[in-house]
**Student:** 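Below is one structure. I have some questions about it.
Numbered from 1 within each chain, the chains take letters A, B, ... in sequence-line order.
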Number of protein chains: 2
Amino acid sequence: MQRACSTELNCPAARSLESVGDSWSMLILRDAFQGLTRFDAFQKSLGVAPNILTRRLKHLTTEGLFERRLYCERPPRYEYVLTQKGRDFFPVMMALFAWGSQYLPPEEIAMRLGNPETGEDREPLLIDRVTGRAFSPEETVIKPGPAADEVVYERIAHMRAWFLGFDA
Amino acid sequence: MQRACSTELNCPAARSLESVGDSWSMLILRDAFQGLTRFDAFQKSLGVAPNILTRRLKHLTTEGLFERRLYCERPPRYEYVLTQKGRDFFPVMMALFAWGSQYLPPEEIAMRLGNPETGEDREPLLIDRVTGRAFSPEETVIKPGPAADEVVYERIAHMRAWFLGFDA
DNA sequence: GATAGTAACTTGCATTTTGATAGTTACCGG
DNA sequence: CCGGTAACTATCAAAATGCAAGTTACTATC
(Lines give C-alpha, C1' and ligand atoms only; values in the text may rest on other atoms or scores of the structure.)
Protein backbone atom coordinates (compact mmCIF):
# COMPACT_ATOMS: atom_id res chain seq x y z
CA MET A 1 0.00 0.00 0.00
CA GLN A 2 2.90 2.32 0.59
CA ARG A 3 1.41 4.87 2.92
CA ALA A 4 3.15 7.75 4.62
CA CYS A 5 0.71 10.46 5.49
CA SER A 6 -1.62 8.37 7.64
CA THR A 7 1.17 6.79 9.59
CA GLU A 8 2.73 10.09 10.46
CA LEU A 9 -0.45 11.09 12.21
CA ASN A 10 0.05 8.16 14.53
CA CYS A 11 -3.59 7.33 14.45
CA PRO A 12 -3.98 4.07 16.36
CA ALA A 13 -6.50 2.75 13.86
CA ALA A 14 -4.16 3.41 10.95
CA ARG A 15 -1.35 1.80 12.87
CA SER A 16 -3.45 -1.28 13.50
CA LEU A 17 -4.06 -1.58 9.81
CA GLU A 18 -0.35 -1.77 9.17
CA SER A 19 -0.32 -4.99 11.15
CA VAL A 20 -3.54 -6.57 9.99
CA GLY A 21 -4.74 -4.43 7.12
CA ASP A 22 -5.21 -7.04 4.47
CA SER A 23 -7.91 -9.64 4.29
CA TRP A 24 -5.62 -12.64 4.47
CA SER A 25 -4.18 -11.51 7.78
CA MET A 26 -7.64 -11.13 9.22
CA LEU A 27 -8.70 -14.53 7.97
CA ILE A 28 -5.53 -16.09 9.35
CA LEU A 29 -6.37 -14.56 12.72
CA ARG A 30 -9.93 -15.79 12.47
CA ASP A 31 -8.64 -19.32 12.03
CA ALA A 32 -6.05 -18.88 14.74
CA PHE A 33 -8.87 -18.00 17.14
CA GLN A 34 -10.44 -21.27 16.16
CA GLY A 35 -7.32 -23.08 17.27
CA LEU A 36 -5.29 -23.45 14.12
CA THR A 37 -1.53 -23.09 14.55
CA ARG A 38 0.10 -24.87 11.62
CA PHE A 39 1.11 -23.72 8.19
CA ASP A 40 -0.67 -26.54 6.44
CA ALA A 41 -3.81 -26.09 8.47
CA PHE A 42 -4.05 -22.42 7.56
CA GLN A 43 -3.27 -23.21 3.98
CA LYS A 44 -5.95 -25.83 3.66
CA SER A 45 -8.53 -23.79 5.52
CA LEU A 46 -7.99 -20.60 3.55
CA GLY A 47 -6.96 -21.94 0.17
CA VAL A 48 -4.25 -19.29 0.10
CA ALA A 49 -1.09 -19.73 -1.96
CA PRO A 50 1.79 -20.93 0.23
CA ASN A 51 4.09 -18.04 -0.69
CA ILE A 52 1.44 -15.56 0.38
CA LEU A 53 0.81 -17.45 3.59
CA THR A 54 4.52 -17.46 4.37
CA ARG A 55 4.67 -13.70 3.89
CA ARG A 56 1.62 -13.02 6.02
CA LEU A 57 2.65 -15.28 8.86
CA LYS A 58 6.10 -13.71 8.82
CA HIS A 59 4.57 -10.25 8.94
CA LEU A 60 2.12 -11.10 11.69
CA THR A 61 5.02 -12.62 13.61
CA THR A 62 7.23 -9.56 13.30
CA GLU A 63 4.25 -7.44 14.30
CA GLY A 64 4.01 -9.50 17.44
CA LEU A 65 0.67 -11.21 16.94
CA PHE A 66 2.13 -14.65 16.50
CA GLU A 67 5.02 -16.49 18.02
CA ARG A 68 6.83 -18.91 15.73
CA ARG A 69 7.46 -21.89 17.90
CA LEU A 70 9.52 -25.00 17.13
CA TYR A 71 7.35 -27.95 18.02
CA CYS A 72 9.48 -30.68 16.50
CA GLU A 73 13.26 -30.66 16.26
CA ARG A 74 13.86 -33.41 13.79
CA PRO A 75 12.58 -32.63 11.25
CA PRO A 76 12.31 -28.95 12.16
CA ARG A 77 8.62 -28.02 12.34
CA TYR A 78 7.16 -24.74 13.41
CA GLU A 79 3.76 -23.65 14.57
CA TYR A 80 2.29 -20.21 14.93
CA VAL A 81 0.70 -19.45 18.27
CA LEU A 82 -1.10 -16.26 19.18
CA THR A 83 0.70 -13.95 21.57
CA GLN A 84 -1.14 -11.77 24.08
CA LYS A 85 -1.24 -9.05 21.45
CA GLY A 86 -2.74 -11.49 18.99
CA ARG A 87 -5.33 -12.71 21.49
CA ASP A 88 -6.24 -9.13 22.32
CA PHE A 89 -7.35 -8.76 18.73
CA PHE A 90 -10.34 -10.94 19.59
CA PRO A 91 -12.80 -8.07 20.17
CA VAL A 92 -12.01 -6.61 16.76
CA MET A 93 -12.66 -9.99 15.17
CA MET A 94 -15.93 -10.36 17.04
CA ALA A 95 -17.09 -6.87 16.15
CA LEU A 96 -16.37 -7.67 12.52
CA PHE A 97 -18.18 -10.98 12.80
CA ALA A 98 -21.19 -9.31 14.40
CA TRP A 99 -21.33 -6.61 11.78
CA GLY A 100 -21.22 -9.23 9.05
CA SER A 101 -23.99 -11.25 10.67
CA GLN A 102 -26.13 -8.17 11.07
CA TYR A 103 -26.16 -7.53 7.36
CA LEU A 104 -26.24 -11.04 6.01
CA PRO A 105 -29.64 -12.54 5.16
CA PRO A 106 -30.33 -15.13 7.89
CA GLU A 107 -30.48 -17.99 5.40
CA GLU A 108 -26.91 -17.25 4.36
CA ILE A 109 -25.44 -17.33 7.85
CA ALA A 110 -23.40 -20.47 8.25
CA MET A 111 -21.89 -19.62 11.63
CA ARG A 112 -23.07 -17.78 14.69
CA LEU A 113 -21.66 -17.06 18.11
CA GLY A 114 -22.94 -19.01 21.05
CA ASN A 115 -22.51 -19.62 24.74
CA PRO A 116 -20.46 -22.82 25.20
CA GLU A 117 -22.68 -23.97 28.08
CA THR A 118 -26.20 -23.03 27.15
CA GLY A 119 -25.62 -22.82 23.41
CA GLU A 120 -27.59 -19.58 23.30
CA ASP A 121 -26.68 -16.87 20.88
CA ARG A 122 -24.16 -14.33 22.04
CA GLU A 123 -24.34 -10.84 20.72
CA PRO A 124 -21.34 -8.61 21.16
CA LEU A 125 -21.96 -5.05 22.29
CA LEU A 126 -19.37 -2.34 22.67
CA ILE A 127 -19.63 -0.28 25.84
CA ASP A 128 -17.47 2.21 27.68
CA ARG A 129 -15.59 0.44 30.45
CA VAL A 130 -15.98 3.43 32.79
CA THR A 131 -19.59 4.46 32.34
CA GLY A 132 -20.92 1.09 31.20
CA ARG A 133 -22.94 2.80 28.50
CA ALA A 134 -23.04 1.98 24.82
CA PHE A 135 -20.07 3.20 22.83
CA SER A 136 -21.93 5.43 20.43
CA PRO A 137 -20.45 7.91 17.99
CA GLU A 138 -22.55 10.62 19.64
CA GLU A 139 -20.84 10.06 22.95
CA THR A 140 -17.34 9.71 21.58
CA VAL A 141 -14.90 12.38 20.53
CA ILE A 142 -11.36 12.14 19.34
CA LYS A 143 -8.94 14.00 21.57
CA PRO A 144 -5.28 14.80 20.98
CA GLY A 145 -2.84 12.42 22.64
CA PRO A 146 0.77 12.91 23.76
CA ALA A 147 2.14 12.68 20.21
CA ALA A 148 -0.36 15.11 18.72
CA ASP A 149 1.10 17.75 16.44
CA GLU A 150 -0.37 20.66 14.51
CA VAL A 151 -1.78 18.42 11.81
CA VAL A 152 -3.61 16.35 14.38
CA TYR A 153 -4.98 19.42 16.17
CA GLU A 154 -6.22 20.82 12.90
CA ARG A 155 -7.80 17.52 12.00
CA ILE A 156 -9.56 17.26 15.32
CA ALA A 157 -10.73 20.87 15.08
CA HIS A 158 -13.18 20.25 12.27
CA MET A 159 -14.76 17.09 13.49
CA ARG A 160 -18.06 18.62 14.45
CA ALA A 161 -19.88 15.75 12.81
CA TRP A 162 -18.66 13.42 15.48
CA PHE A 163 -20.38 15.53 18.12
CA LEU A 164 -23.57 16.05 16.20
CA GLY A 165 -24.23 12.50 15.13
CA PHE A 166 -24.74 11.60 11.53
CA ASP A 167 -28.15 12.99 10.67
CA ALA A 168 -26.69 15.76 8.56
CA MET B 1 -7.55 -11.04 -3.46
CA GLN B 2 -9.72 -13.35 -5.49
CA ARG B 3 -11.09 -15.64 -2.87
CA ALA B 4 -13.59 -18.44 -3.30
CA CYS B 5 -13.27 -21.02 -0.59
CA SER B 6 -13.77 -18.72 2.38
CA THR B 7 -16.79 -17.04 0.93
CA GLU B 8 -18.54 -20.27 0.22
CA LEU B 9 -18.47 -21.02 3.91
CA ASN B 10 -20.58 -17.92 4.46
CA CYS B 11 -18.56 -16.92 7.46
CA PRO B 12 -19.83 -13.48 8.47
CA ALA B 13 -16.31 -12.27 9.23
CA ALA B 14 -15.09 -13.30 5.79
CA ARG B 15 -18.10 -11.67 4.25
CA SER B 16 -17.38 -8.45 6.09
CA LEU B 17 -13.89 -8.43 4.68
CA GLU B 18 -15.26 -8.47 1.18
CA SER B 19 -16.80 -5.11 1.89
CA VAL B 20 -14.06 -3.47 3.88
CA GLY B 21 -11.10 -5.82 3.60
CA ASP B 22 -8.46 -3.43 2.42
CA SER B 23 -6.76 -0.72 4.39
CA TRP B 24 -7.96 2.17 2.25
CA SER B 25 -11.60 1.26 2.83
CA MET B 26 -11.04 1.19 6.55
CA LEU B 27 -9.26 4.53 6.50
CA ILE B 28 -12.01 6.03 4.38
CA LEU B 29 -14.52 4.84 6.97
CA ARG B 30 -12.40 6.24 9.77
CA ASP B 31 -12.51 9.65 8.11
CA ALA B 32 -16.20 9.31 7.35
CA PHE B 33 -16.82 8.79 11.06
CA GLN B 34 -15.01 12.07 11.59
CA GLY B 35 -17.48 13.81 9.35
CA LEU B 36 -15.83 13.76 5.94
CA THR B 37 -18.16 13.23 3.00
CA ARG B 38 -16.44 14.65 -0.07
CA PHE B 39 -14.09 13.17 -2.57
CA ASP B 40 -11.53 15.88 -2.23
CA ALA B 41 -11.65 15.80 1.54
CA PHE B 42 -10.94 12.08 1.61
CA GLN B 43 -8.26 12.50 -0.96
CA LYS B 44 -6.44 15.23 0.91
CA SER B 45 -6.79 13.49 4.25
CA LEU B 46 -5.56 10.14 3.07
CA GLY B 47 -3.15 11.08 0.32
CA VAL B 48 -4.64 8.29 -1.75
CA ALA B 49 -4.52 8.34 -5.55
CA PRO B 50 -7.80 9.58 -7.02
CA ASN B 51 -8.39 6.52 -9.18
CA ILE B 52 -8.05 4.28 -6.14
CA LEU B 53 -10.35 6.50 -4.11
CA THR B 54 -12.94 6.37 -6.89
CA ARG B 55 -12.78 2.60 -6.92
CA ARG B 56 -13.03 2.28 -3.16
CA LEU B 57 -15.90 4.72 -2.77
CA LYS B 58 -17.72 2.98 -5.58
CA HIS B 59 -17.21 -0.36 -3.90
CA LEU B 60 -18.25 0.86 -0.47
CA THR B 61 -21.32 2.39 -2.09
CA THR B 62 -22.35 -0.80 -3.86
CA GLU B 63 -21.75 -2.67 -0.61
CA GLY B 64 -24.21 -0.30 1.02
CA LEU B 65 -21.96 1.53 3.46
CA PHE B 66 -22.18 4.84 1.67
CA GLU B 67 -24.89 6.64 -0.18
CA ARG B 68 -23.76 8.75 -3.13
CA ARG B 69 -25.79 11.88 -2.82
CA LEU B 70 -26.05 14.78 -5.23
CA TYR B 71 -25.55 17.92 -3.19
CA CYS B 72 -25.24 20.37 -6.05
CA GLU B 73 -27.01 20.09 -9.38
CA ARG B 74 -25.09 22.58 -11.45
CA PRO B 75 -22.29 21.67 -11.59
CA PRO B 76 -23.11 18.10 -10.56
CA ARG B 77 -21.36 17.39 -7.27
CA TYR B 78 -21.65 14.32 -5.15
CA GLU B 79 -20.92 13.51 -1.55
CA TYR B 80 -20.64 10.20 0.21
CA VAL B 81 -22.68 9.85 3.36
CA LEU B 82 -22.68 6.87 5.65
CA THR B 83 -25.77 4.68 5.57
CA GLN B 84 -27.07 2.83 8.61
CA LYS B 85 -24.92 -0.11 7.59
CA GLY B 86 -21.91 2.17 7.39
CA ARG B 87 -22.64 3.73 10.76
CA ASP B 88 -23.06 0.29 12.27
CA PHE B 89 -19.45 -0.33 11.42
CA PHE B 90 -18.50 2.05 14.20
CA PRO B 91 -17.87 -0.62 16.86
CA VAL B 92 -15.44 -2.41 14.56
CA MET B 93 -13.58 0.85 14.00
CA MET B 94 -13.46 1.54 17.72
CA ALA B 95 -12.28 -1.95 18.55
CA LEU B 96 -9.51 -1.52 16.03
CA PHE B 97 -8.65 1.89 17.41
CA ALA B 98 -8.53 0.54 20.93
CA TRP B 99 -6.35 -2.39 19.96
CA GLY B 100 -3.94 -0.04 18.24
CA SER B 101 -3.80 2.25 21.26
CA GLN B 102 -3.19 -0.68 23.55
CA TYR B 103 -0.03 -1.64 21.73
CA LEU B 104 1.35 1.75 20.79
CA PRO B 105 3.89 3.33 23.14
CA PRO B 106 2.04 6.19 24.90
CA GLU B 107 4.39 8.83 23.51
CA GLU B 108 3.39 7.81 19.99
CA ILE B 109 -0.35 8.14 20.51
CA ALA B 110 -1.59 11.21 18.67
CA MET B 111 -5.30 10.54 19.20
CA ARG B 112 -7.39 9.05 21.95
CA LEU B 113 -11.08 8.56 22.55
CA GLY B 114 -12.82 10.85 25.00
CA ASN B 115 -16.18 11.79 26.46
CA PRO B 116 -17.47 14.90 24.65
CA GLU B 117 -18.74 16.40 27.92
CA THR B 118 -16.15 15.55 30.54
CA GLY B 119 -13.26 15.01 28.16
CA GLU B 120 -12.32 11.88 30.06
CA ASP B 121 -10.85 8.89 28.27
CA ARG B 122 -13.28 6.36 26.96
CA GLU B 123 -12.22 2.77 26.75
CA PRO B 124 -14.27 0.42 24.62
CA LEU B 125 -15.09 -2.96 26.05
CA LEU B 126 -16.89 -5.76 24.28
CA ILE B 127 -19.57 -7.49 26.30
CA ASP B 128 -22.39 -9.92 25.64
CA ARG B 129 -25.64 -8.01 25.29
CA VAL B 130 -27.57 -10.76 27.10
CA THR B 131 -25.37 -11.63 30.06
CA GLY B 132 -23.54 -8.31 30.29
CA ARG B 133 -20.29 -10.18 30.78
CA ALA B 134 -17.04 -9.67 28.89
CA PHE B 135 -16.95 -11.20 25.45
CA SER B 136 -14.04 -13.55 26.01
CA PRO B 137 -12.85 -16.34 23.73
CA GLU B 138 -13.33 -18.75 26.63
CA GLU B 139 -17.03 -18.00 26.79
CA THR B 140 -17.64 -17.95 23.08
CA VAL B 141 -18.14 -20.80 20.69
CA ILE B 142 -18.96 -20.86 17.03
CA LYS B 143 -22.20 -22.66 16.26
CA PRO B 144 -23.64 -23.69 12.93
CA GLY B 145 -26.19 -21.28 11.46
CA PRO B 146 -29.04 -21.84 8.98
CA ALA B 147 -26.70 -21.99 5.98
CA ALA B 148 -24.26 -24.43 7.58
CA ASP B 149 -23.23 -27.34 5.40
CA GLU B 150 -20.96 -30.33 5.93
CA VAL B 151 -17.82 -28.27 5.55
CA VAL B 152 -18.96 -25.88 8.24
CA TYR B 153 -19.94 -28.71 10.58
CA GLU B 154 -16.59 -30.34 10.10
CA ARG B 155 -14.83 -27.06 10.69
CA ILE B 156 -16.74 -26.40 13.88
CA ALA B 157 -16.12 -29.93 15.08
CA HIS B 158 -12.41 -29.48 15.64
CA MET B 159 -12.48 -26.13 17.33
CA ARG B 160 -11.70 -27.43 20.77
CA ALA B 161 -9.17 -24.66 21.24
CA TRP B 162 -11.93 -22.12 21.33
CA PHE B 163 -13.46 -23.92 24.32
CA LEU B 164 -10.24 -24.41 26.15
CA GLY B 165 -8.78 -20.96 25.81
CA PHE B 166 -5.41 -20.45 24.28
CA ASP B 167 -2.98 -21.73 26.89
CA ALA B 168 -2.20 -24.80 24.86
C1' DG C 1 -14.32 37.56 -22.22
C1' DA C 2 -10.08 35.37 -20.69
C1' DT C 3 -8.05 33.32 -16.83
C1' DA C 4 -7.94 30.97 -12.54
C1' DG C 5 -10.02 28.03 -9.26
C1' DT C 6 -12.88 24.15 -7.47
C1' DA C 7 -14.74 19.57 -7.37
C1' DA C 8 -15.12 15.07 -8.96
C1' DC C 9 -13.49 12.46 -11.43
C1' DT C 10 -10.86 9.48 -15.86
C1' DT C 11 -6.77 7.90 -18.57
C1' DG C 12 -2.27 5.93 -19.34
C1' DC C 13 1.57 3.79 -17.79
C1' DA C 14 5.19 2.25 -14.52
C1' DT C 15 5.70 -0.17 -10.27
C1' DT C 16 4.28 -3.36 -6.81
C1' DT C 17 1.82 -7.03 -4.99
C1' DT C 18 -0.54 -11.23 -5.51
C1' DG C 19 -1.70 -15.89 -7.23
C1' DA C 20 -0.82 -20.54 -9.27
C1' DT C 21 2.18 -24.08 -9.89
C1' DA C 22 6.13 -26.48 -9.23
C1' DG C 23 10.09 -27.56 -6.70
C1' DT C 24 13.03 -28.05 -2.28
C1' DT C 25 14.50 -29.69 2.36
C1' DA C 26 14.22 -32.74 5.93
C1' DC C 27 12.68 -36.20 7.78
C1' DC C 28 9.64 -40.95 8.79
C1' DG C 29 7.66 -45.48 7.99
C1' DG C 30 7.36 -49.60 5.38
C1' DC D 1 14.26 -47.12 -2.03
C1' DC D 2 9.64 -45.20 -2.37
C1' DG D 3 5.86 -42.66 -0.93
C1' DG D 4 4.10 -39.43 2.42
C1' DT D 5 4.11 -35.25 5.41
C1' DA D 6 5.22 -30.53 6.81
C1' DA D 7 6.98 -26.13 5.92
C1' DC D 8 8.46 -23.84 2.99
C1' DT D 9 11.10 -21.27 -1.59
C1' DA D 10 11.29 -20.05 -6.70
C1' DT D 11 9.45 -18.62 -10.92
C1' DC D 12 6.60 -16.10 -13.63
C1' DA D 13 2.08 -14.39 -15.15
C1' DA D 14 -1.82 -11.56 -13.73
C1' DA D 15 -3.93 -8.13 -11.11
C1' DA D 16 -3.94 -4.12 -8.17
C1' DT D 17 -1.87 0.14 -6.97
C1' DG D 18 0.48 4.74 -7.38
C1' DC D 19 1.56 8.84 -9.95
C1' DA D 20 0.93 12.43 -12.97
C1' DA D 21 -1.68 14.55 -16.21
C1' DG D 22 -5.99 15.42 -18.41
C1' DT D 23 -11.24 16.10 -18.50
C1' DT D 24 -15.83 18.09 -17.50
C1' DA D 25 -18.60 21.47 -15.75
C1' DC D 26 -19.13 24.92 -13.74
C1' DT D 27 -18.19 29.84 -10.67
C1' DA D 28 -15.64 33.73 -9.47
C1' DT D 29 -12.17 37.23 -10.58
C1' DC D 30 -9.41 40.38 -13.38
**Student:** Sugar-phosphate atoms are those with a prime plus P, OP1 and OP2; base atoms are the rest. Using that split, label each nucleotide of nucleotides 6-11 of chain C B, S or - for protein heavy atoms under 4.0 Å, 5' to 3'.
**Tutor:** BBBBBB

**Student:** Check this for me: does any side-chain nitrogen of one of A:Lys143 and B:Asp121 sit under 4.0 Å from a carboxylate oxygen of the other?
**Tutor:**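 Here A:Lys143 does not pair with B:Asp121 in a salt bridge, since their nearest N and O are not under 4.0 Å apart.
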
**Student:** Would you say a side-chain N or O of A:Arg55 is under 4.0 Å from OP1 or OP2 of D:dC8?
**Tutor:**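 No, A:Arg55 has no side-chain N/O under 4.0 Å of OP1/OP2 on D:dC8.
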
**Student:** Output the rounded distance in Å from CD1 (B:Ile52) to P (D:dA16).
**Tutor:**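 Atom CD1 in B:Ile52 sits about 10 Å away from atom P in D:dA16.
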
**Student:** Can you establish whether the number of heavy atoms outside A:Glu73 located under 6.0 Å from its atom CD is more than 12?
**Tutor:**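 Check fails, neighbour count at 12 or below.
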
**Student:** Are the ring centres of A:Phe33 and A:Phe90 closer than 6.0 Å?
**Tutor:**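 Centroid separation for A:Phe33 and A:Phe90: below 6.0 Å.
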
**Student:** In whole angstrom, give the distance that lies between atom CZ of B:Arg56 and atom C1' of D:dG18.
**Tutor:**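 My rounded result for the distance is 13 Å.
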
**Student:** Checking the side chain of A:Ser16 only, and the main-chain atoms of B:Leu96 only, is there a donor and an acceptor separated by less than 3.5 Å?
**Tutor:**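 It does hold such a pair.
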
**Student:** Between the side chain of B:Ser101 and the main-chain N/O of B:Phe97, is any donor-acceptor distance below 3.5 Å?
**Tutor:**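 Here the side-chain-to-backbone pair exists.
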
**Student:** Just the rounded figure in Å: distance from P of D:dT9 to CG of A:Leu53.
**Tutor:**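 Roughly 11 Å, once rounded to whole Å.
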
**Student:** Could you tell me how far apart B:Asp22 (CG) and C:dT17 (P) are, to the nearest whole angstrom?
**Tutor:**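 To the nearest whole Å, that distance equals 15 Å.
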
**Student:** Is A:Arg69 close enough and on-axis enough to A:Tyr80, meaning under 6.0 Å and within 45°, for cation-pi?
**Tutor:**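 Relative to the ring axis of A:Tyr80, which defines the angle, A:Arg69 lies outside at least one limit.
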
**Student:** To check you understand the geometry: which heavy-atom pair defines the closest contact between B:Asp128 and A:Arg122, and what is its length?
**Tutor:**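 The answer is CB-NH2, 3.2 Å.
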
**Student:** Tell me, please, whether B:Tyr71 has B:Arg77 positioned over its six-membered ring: NZ or CZ under 6.0 Å from the ring centre and within 45 degrees of its axis?
**Tutor:**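 The answer is no; the distance or angle limit is not met.
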
**Student:** So, OP1 or OP2 of D:dA16: does either fall under 4.0 Å of a side-chain N or O from B:Trp24?
**Tutor:**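 False: B:Trp24 side-chain N/O out of range (4.0 Å or more) of D:dA16 OP1/OP2.
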
**Student:** Main chain of A:Leu82, side chain of A:Arg87: is a donor-acceptor contact present, judged purely on distance under 3.5 Å?
**Tutor:**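 Yes; at least one donor-acceptor contact below 3.5 Å.
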
**Student:** Return the polar atom pairs (N/O with N/O) between nucleotides 28-30 of chain C and the protein under 3.5 Å, or none.
**Tutor:**
none

**Student:** What is the distance, to the nearest angstrom, from the CD1 atom on A:Ile28 to the C1' atom on D:dA7?
**Tutor:**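 A:Ile28 atom CD1 is separated from D:dA7 atom C1' by 14 Å.
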
**Student:** What's the CZ-C1' distance between A:Phe42 and D:dC8, to the nearest Å?
**Tutor:**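 Roughly 15 Å, once rounded to whole Å.
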
